[in-house]
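Scroll down for the structure; my scribbles are underneath it.
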Amino acid sequence: MAQSMLPPAMYSHAKMRRRPPSRRRLQIFAADPGASNRLETAFINKTVIDIPWEGDGSGKNGLLPGPVGEYVEVIDVDPASAMAYPPIDLDDPFLLAECGLTPSEGDPQFHQQMVYVVSMKTIEAFESALGRLALWSTKRPEREELNRSNGKREKKYNETYVPRLRIYPHALRQANAYYSPDKIALLFGYFPELRPSNGDAEKLGGIVFTCLSHDIVAHETTHALLDGLHRRYQEASNVDVLAFHEAFADIVAMFQHFTFSDLLRFHIAKTRGDLQTGGFMTDLAQQFGQALNRSRALRSAIGLDPTTTNYATTTEPHERGSILVAAVFSAFLKIYQRRTADLLRIATGGSGVLQPGHIHPDLVERLAREATKAAKHVLEICIRALDYCPPVDITFADYLRALITADSDLVGVDRFGYRVAFLESFGAYDIYPEDVRTLSVESLRWTRPQSRMAKLAPYLRNDVNHVRGKPTEMFDWKRQHIRSKAFETGKRNAWLLHEWLADPKNMTPKMAREFGLNRQDDGDLTGFRLDRGGRPVFEVHSVRPAHRVAPDADIKRDIVAVITQRRQVLLDEKDPKGEKFWFRGGCTLIIDPDNDDEPIRYIVSKDVMSKERLKSQREFLTTSAGLSLRALYFGADSLSALKEPFALLHIAD
Ligand SMILES: [Zn+2]
């Protein structure tokens with residue numbers, strides 16, 4: 001006889017305590033709120049997505065009203081109307097039972113929920129692709145310090161940890177939303193729709209809240225995450241840099257969209273599986289664009305014809321960025337087509353040509369599954385590639401090489417041709433490195449460096465725990481589970497690596513050249529700050545672990561170190577009294593600490609001494625594109641512009 005009852009003692013409260021769930025399910029608008037007002041999309045616009053659960057259920061540690069969690073802090077004050085909206089408590093049992101508040105344009109608390117969910121989803125995508133905890137950029141309060149070697153007082157920055165990104169859902173009463181690197185915050189605006197026209201329901205002139213657009217929230221969160229990884233990508237040192245920031249933020253928003261299965265099934269049924277038809281899934285920030293009376297969505301990823309697009313002459317960051325988005329989307333389409341070719345053959349008796357009319361719901365389901373999988377992979381590759389990018393002065397071609405290398409590292413056999421798809425698609429838009437003779441996956445992959453630095457591996461593994469004869473703390477590059485600790489160990493590791501590399505016995509001046517650095521103690525060292533040994537100083541910006549999970553469930557461990565150096569140069573060589581700027585170089589190192597022969601797997605460098613790069617940077621800074629960007633950032637009466645670069649890039653005009 002089955003025993004259905006346990007002895008009463010087993011029901012004691014202590015034994016019944018449950019562990020917190022791993023996921024929290026919450027409702028959001030899948031597209032923009034406007035889509036709810038159109039009959040055909042009204043039913044799929046509200047969706048439930050899940051994000052990591054925060055908190056231990058005790059009510060003390062975890063998600064506080066705001067929401068305020070480990071990563072973000074939603075602050076809902078509205079300066080324009082001098083209002084502060086009460087913060088939502090997502091641990092309220094009624095809300096827990098109903099997957100949070102139902103999407104609603106009129107409820108500020110739903111707005112708080114929306115920005116929390118979408119930002120957390122975006123953060124999770126980064127953490128799983130990079131294999132480590134996400135950290136925001138730091139605050140760098142300035143202080144003065146005496147440089148003993150030259151007796152001068154110099155400005156120094158002390159990096160402080162920023163635990164949470166602040167999110168203001170109703171910060172501005174204007175058609176804008178941006179990431180502020182100065183405040184480490186996201187500011188979302190709201191504004192009235194411009195002109196009612198065509199009798200279209202969504203154009204009846206309401207208020208547009210940028211915080212209710214999944215794409216805008218994901219885009220801005222991505223800016224913040226990218227800034228946490230590559231601080232120098234805010235500096236327009238060539239025409240690609242800012243365009244890259246914009247494009248990358250759009251790429252993440254777009255591919256994250258493909259994880260909404262209801263929306264995707266709807267779209268696949270409607271377009272009969274042809275994602276090239278675009279529309280809903282790829283038009284970023286629909287309502288935002290339409291409210292500004294543009295006929296098309298704000299930025300559309302596809303429909304950019306490679307034959308009429310001119311990468312060479314397009315300089316405005318959004319326009320140039322959309323070329324990169326289009327190239328990545330085109331690679332995704334090739335991958336999707338390859339993944340679904342067999343399904344279409346099966347469904348069509350071998351011809352691969354669909355009959356007119358609706359496609360079978362089973363086929364919709366299978367195509368949606370493949371599209372989601374391909375999108376997830378492409379998003380992962382795109383994020384992972386950030387670890388393979390140079391620390392300064394990135395170009396789209398560098399990014400292509402990073403994509404190819406990142407994917408080859410993790411996935412040995414490229415069954416569905418992902419890497420070739422990237423190569424071909426970038427090539428079609430004329431994005432390729434000029435210094436590579438033949439375009440192939442092998443030629444584009446970053447190569448192993450000449451410098452072996454075999455002693456580095458034991459040093460990183462802590463066999464050598466002495467720096468300059470003094471004992472040091474342990475080098476700790478394990479995966480951390482507490483963010484503040486990850487930040488602290490990262491900082492200490494950066495110092496330890498710096499001390500090791502600063503010793504010319506470990507990194508000879510000749511090796512330093514391969515790192516893109518200058519560590520000579522003679523010759524022309526104009527514009528460099530020198531250390532006590534008379535060598536130009538350099539900075540180890542970060543040392544981070546990467547634990548990446550390959551499709552075969554293998555975990556690959558690497559250390560990613562970012563090293564930079566700068567020198568002050570004249571804007572115009574012939575004008576010694578003229579304006580100067582910081583010319584930067586350095587490298588990203590990918591290190592395998594378990595390899596005793598060749599621990600350094602790649603050096604992705606930008607030479608601080610490169611005459612060619614200096615020449616093109618000077619040209620760029622004095623050409624119209626560079627000048628307008630310089631005016632944008634460094635305009636005479638816009639000190640605030642310097643602090644809010646993304647605000648100016650995003651403002652709608
Ligand atoms: Zn942006």
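Read the numbers this way: they start at 1 and go in the same order the structure lists the ligands and their atoms.
- Sorting the N, O or S atoms of H223 by how far they are from the Zn ion (ligand 1) puts NE2 first.
- With 2.8 Å as the limit, H245 does not count as an N, O or S neighbour of the Zn ion (ligand 1).
- Taking the six-membered ring for Trp and the full ring otherwise, F191 and F209 have centroids separated by 6.0 Å or more.
- Note: Y311 and F396 meet the aromatic proximity criterion, with ring centroids under 6.0 Å apart.
- Put simply, the side chain of S425 gets close to the backbone of A331: a donor and an acceptor are under 3.5 Å apart.
- Using a 4.5 Å heavy-atom threshold, the side chains of Y116 and L90 count as touching.
- At a cut-off of 2.8 Å, E246 coordinates the Zn ion (ligand 1) through an N, O or S atom.
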